[in-house]
Novice: 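So that we are looking at the same thing, I have put the structure below in structure tokens.
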Amino acid sequence: MPTYLSPGVYVEEVEAGSRPIEGVGTAVAAFVGLAERGPVNAPTLVSNWTQFTETFGGFVPDTYLAHAVYGYFLNGGGNCFVVRIGSGHANGKGAPKAIAAPAEAALAGYRVTALAAAPRSKAISVEIAEAGGEDPGEDMFKLVVNVDGKPSETFDRVSARKGPDNVVTKVNETSKLINLEETASGSALAKPMRGTTNLEVPPPAPEPPSTDRLSADDYVGDAADRTGFSGLEAVDEVTMVAVPDLMAAYEKGAIDLETVQAVQLGVIAHCELMGDRMAILDPPPGLSPQQIKEWRVDGAGYDSKYATLYWPWVKVFDPVTGTNKFVPPSGHMAGIWARNDDTRGVHKAPANEVVRGAITLQTQITKAEHDLLNPVGINCIRTFPGRGVRVWGARTLSSDPAWRYLNVRRLFNYLEESILTGTQWVVFEPNDYALWARIRRTIAAFLVNEWRKGALFGLTPDEAFYVKCDGETNPSEGIDAGQVVCQIGVAPVKPAEFVIFQLAQFSGGTSLVSE
């Protein structure tokens, strides 16, 4: 309370009621892979496809990052973070191999071209001046090649006429910086006008991105150095992580299945450590239903409520070749998650949704084959006549029935992060009954809104959740330790995965009633 020292009327603003909790974002993807340019090992925010191409370039042969990001935006994705690994050389370190990219300029009827051996990223200028020496011929002149403003090569007393003094012959025979070519003839070359032209030699272009020299460490990276997907620990907004180019390396034989599993286990561990994001895993390409089940159960025996697996690969149009190609499904699935969250909410399972941009699937399965895959957590993508290509699964890779469904895990991620962010004001407040009551009101108001959206199961709020923060949850020992404990229980809605209509036959007609 303020101290009043003189008579008067005072107006004060005081807080009343609970502080609202705002829901956090639920659909911000992060993609790790190869691109033709852009920052290396630096999570970069991208909001649309045009922004991606301006920063990282377009589609690159034998890689899947661009296809994943394009599929993400096509299917309704919003913001995402892109982590470019490598840069045409191992670990993104060292100098890239130079590829000749000559600069050209016109000068007094000649075309001047920088040679590949010319210094890169330096200013080269070519000057035509008066010839030196005694009694030069009327058609003679001096050609000087400067590097960063200093003469580097000089060709004096040369001319345009044929013979031993011909400027084109002399320059092309001895110069290590430029090449000359006549672009005019006759009188235009007889007495070339004095002047100077500049050649801006571009820096060496890096090799095209390749998976050949990448190891598991390049994908996993290091949190301290902000490399790989481990660098995403510093980006709190991310809610889903995908590494589509991991399968590009496997497809080319650069890594084996054990390395694939090591990287995917690293992605899962990252998501479990952060506790607020999901791993969207890609399966190896070209597997049959039996093979994908064996790989899932016997090979990659992942068990995590923070990971999902979609199968099979989807066929999309490839602008690089002008044909169709199969790509890993993770980018398209991340976009569907975002679209589902925007139209229905994070509590709705992101399934029975059309996969935009998918022409067909790498493998078509039957219901009997699906019966084998769904129980082991493989979310199948299927083609239905007249209904297109759709996601037909919404499970995590957890063996715990409580966390079997993807929407339940993502709903809890959303609730936990929203409550954590929206209750920071509690820290250092007086730990008493008044604080406990304010905490209860704040969290209950937030959960009532979620119940009204259909995210919680129950006919009334009391059936859908409870919030307990009182003397029972906060004994004197906890208060002395500086703790405030609030117990929250929610009843999440679960998807109607198996819809059963029970039909029976009965005898119709009028019933007979005995008197």
Side-chain angles (χ1 to χ4, degrees), residues 31-34 59-72 74-75 85 209-212 214-216 218-219 241-268 279-302 307-321 323-336 355 357-366 369-370 372-373 376-383 389-393 397:
F31 298 99
V32 181
L34 296 168
F59 297 94
V60 180
D62 301 323
T63 66
Y64 295 121
L65 175 64
H67 284 284
V69 176
Y70 183 81
Y72 174 72
L74 181 64
N75 279 276
I85 58 173
S210 172
T211 58
D212 293 342
L214 295 179
S215 65
D218 294 285
Y219 295 96
V241 182
V243 190
D245 275 332
L246 179 64
M247 288 306 160
Y250 171 73
E251 212 173 14
K252 292 184 65 178
I255 59 175
D256 55 19
L257 270 181
E258 289 186 356
T259 305
V260 168
Q261 293 168 12
V263 174
Q264 291 186 337
L265 284 171
V267 178
I268 294 173
I280 307 179
L281 305 182
D282 292 309
L287 299 185
S288 67
Q290 182 62 31
Q291 289 172 329
I292 185 63
K293 182 183 178 183
E294 291 175 355
W295 179 78
R296 162 72 184 98
V297 176
D298 301 328
Y302 310 138
T308 62
L309 174 67
Y310 288 90
W311 174 87
W313 286 29
V314 297
K315 179 182 282 189
V316 300
F317 177 72
D318 182 16
V320 175
T321 61
T323 60
N324 299 328
K325 69 179 295 184
F326 292 107
V327 301
S330 57
H332 291 70
M333 298 303 105
I336 289 175
V355 184
I359 300 170
T360 187
L361 301 173
Q362 193 169 40
T363 306
Q364 304 289 345
I365 66 170
T366 64
E369 291 169 334
H370 198 176
L372 298 175
L373 304 180
V376 295
I378 300 175
N379 295 323
C380 293
I381 308 170
R382 297 185 61 179
T383 301
V389 179
R390 290 178 176 260
V391 182
W392 213 246
L397 294 179

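What you see is a predicted model, and the numbers here were worked out from it, not measured in a lab. All heavy atoms count here, side chains included; hydrogens, waters and symmetry mates do not.
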Novice: Does a side-chain heavy-atom distance below 4.5 Å link Leu246 with Ile255?
Specialist: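 Heavy-atom side-chain distance check passes, below 4.5 Å.
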
Novice: Is it the case that the side chain of Glu369 and the backbone of Thr366 share a donor-acceptor pair, with hydrogens and angles ignored and the cut-off at 3.5 Å?
Specialist: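 Yes, Glu369 side chain to Thr366 backbone: donor-acceptor pair under 3.5 Å.
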
Novice: Write down the atom of Tyr310, the atom of Pro329, and the distance for their closest heavy-atom approach.
Specialist: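 Of all heavy-atom pairs spanning Tyr310 and Pro329, the closest is O-CG, 3.7 Å.
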
Novice: Could you pull out the closest heavy-atom pair between Pro289 and Ile365, with the gap in Å?
Specialist: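 Here Pro289 and Ile365 meet closest at CG-CG2, 3.8 Å.
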
Novice: Side-chain contact test, heavy atoms from C-beta onward, threshold under 4.5 Å: evaluate it for Gln261 versus Tyr302 and give yes or no.
Specialist: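 They are in contact (side-chain heavy atoms under 4.5 Å apart), so the answer is yes.
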
Novice: Sub-3.5 Å donor-acceptor pair from the side chain of Arg296 to the main-chain atoms of Ile378, do we have one?
Specialist: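 Checking the backbone N and O of Ile378 against the side chain of Arg296, no donor-acceptor pair under 3.5 Å is found.
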
Novice: Are any non-hydrogen side-chain atoms of Ile268 and Leu281 less than 4.5 angstrom apart?
Specialist: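 With C-beta onward as the side chain, the pair touches.
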
Novice: Can you tell if the side chain of Leu214 reaches within under 4.5 Å of the side chain of Leu34, non-hydrogen atoms only?
Specialist: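 In short, these two side chains touch, coming nearer than 4.5 Å.
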
Novice: Compare every heavy atom of Tyr64 with every heavy atom of Met247, then report the nearest pair and how far apart it is.
Specialist: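 The pair with the smallest heavy-atom distance is C-CE1, 4.3 Å.
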
Novice: Under the criterion side chain to side chain contact (heavy atoms under 4.5 Å, CB included), I'd like the reasoning laid out for Val355 against Ile336: C-alpha separation, chi angles, the key distance, then a yes or no.
Specialist: CA-CA 7 Å; Val355 184; Ile336 289 175; 3.8 Å; yes

Novice: So do His332 and Val327 actually touch side chain to side chain, heavy atoms under 4.5 Å?
Specialist: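 Val327 vs His332: side chains touch.
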
Novice: For Leu257 and Pro284, which heavy atoms make the closest approach, and how far apart are they?
Specialist: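 So the minimum-distance heavy-atom pair works out to CD2-CG, 3.7 Å.
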
Novice: Test side chain to side chain contact (heavy atoms under 4.5 Å, CB included) on Tyr219 and Val267 and set out the steps.
Specialist: CA-CA 9 Å; Tyr219 295 96; Val267 178; over 6 Å; no

Novice: Side-chain contact, heavy-atom cut-off 4.5 Å: Ile381 with Met333?
Specialist: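 A side-chain contact exists here, since the closest heavy-atom pair is under 4.5 Å.
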
Novice: What's the shortest heavy-atom distance between Val316 and Ile359, and which atoms?
Specialist: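 Shortest heavy-atom separation between Val316 and Ile359 comes out as C-CD1, 4.0 Å.
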
Novice: Whether the side chain of Asp282 engages the backbone of Pro328 through a donor-acceptor N/O pair (distance < 3.5 Å, no angle test) should be reported.
Specialist: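 Absent.
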
Novice: Rounded to the nearest 0.5 Å, what separates atom CZ in Phe59 from atom OG1 in Thr321?
Specialist: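 Going from CZ on Phe59 over to OG1 on Thr321, the span is 10.5 Å.
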
Novice: Among residues at least two apart in sequence or on other chains, which ones pass side-chain hydrogen bond (donor to acceptor under 3.5 Å, both in side chains) with Tyr72?
Specialist: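 Testing Tyr72 for side-chain hydrogen bond (donor to acceptor under 3.5 Å, both in side chains), a comparison that skips the adjacent residues, returns none.
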
Novice: Looking only at non-hydrogen atoms, find the nearest pair between Thr63 and Val60 and report the distance.
Specialist: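 The pair with the smallest heavy-atom distance is OG1-O, 2.9 Å.
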
Novice: Tell me, yes or no, whether the heavy-atom count around Tyr70 atom OH, taken from other residues, nucleotides or ligands under 6.0 Å, exceeds 12.
Specialist: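 12 or below, so no.
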
Novice: Counting distance only, does the side-chain N/O of Trp313 pair as donor-acceptor with the main-chain N or O of Pro283 below 3.5 Å?
Specialist: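 Answer holds: yes.
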
Novice: Calculate, to the nearest 0.5 Å, the distance between atoms CZ and CZ belonging to Arg390 and Arg382 respectively.
Specialist: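 Those atoms lie 12.5 Å apart.
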
Novice: Would you call His67 and Pro319 a side-chain contact if the rule is heavy atoms closer than 4.5 Å?
Specialist: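 When only atoms from C-beta onward are counted, Pro319 and His67 do touch, with a gap below 4.5 Å.
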
Novice: Any side-chain heavy atom of Leu309 within less than 4.5 Å of one from Asn379?
Specialist: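 A side-chain contact under 4.5 Å is absent here.
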
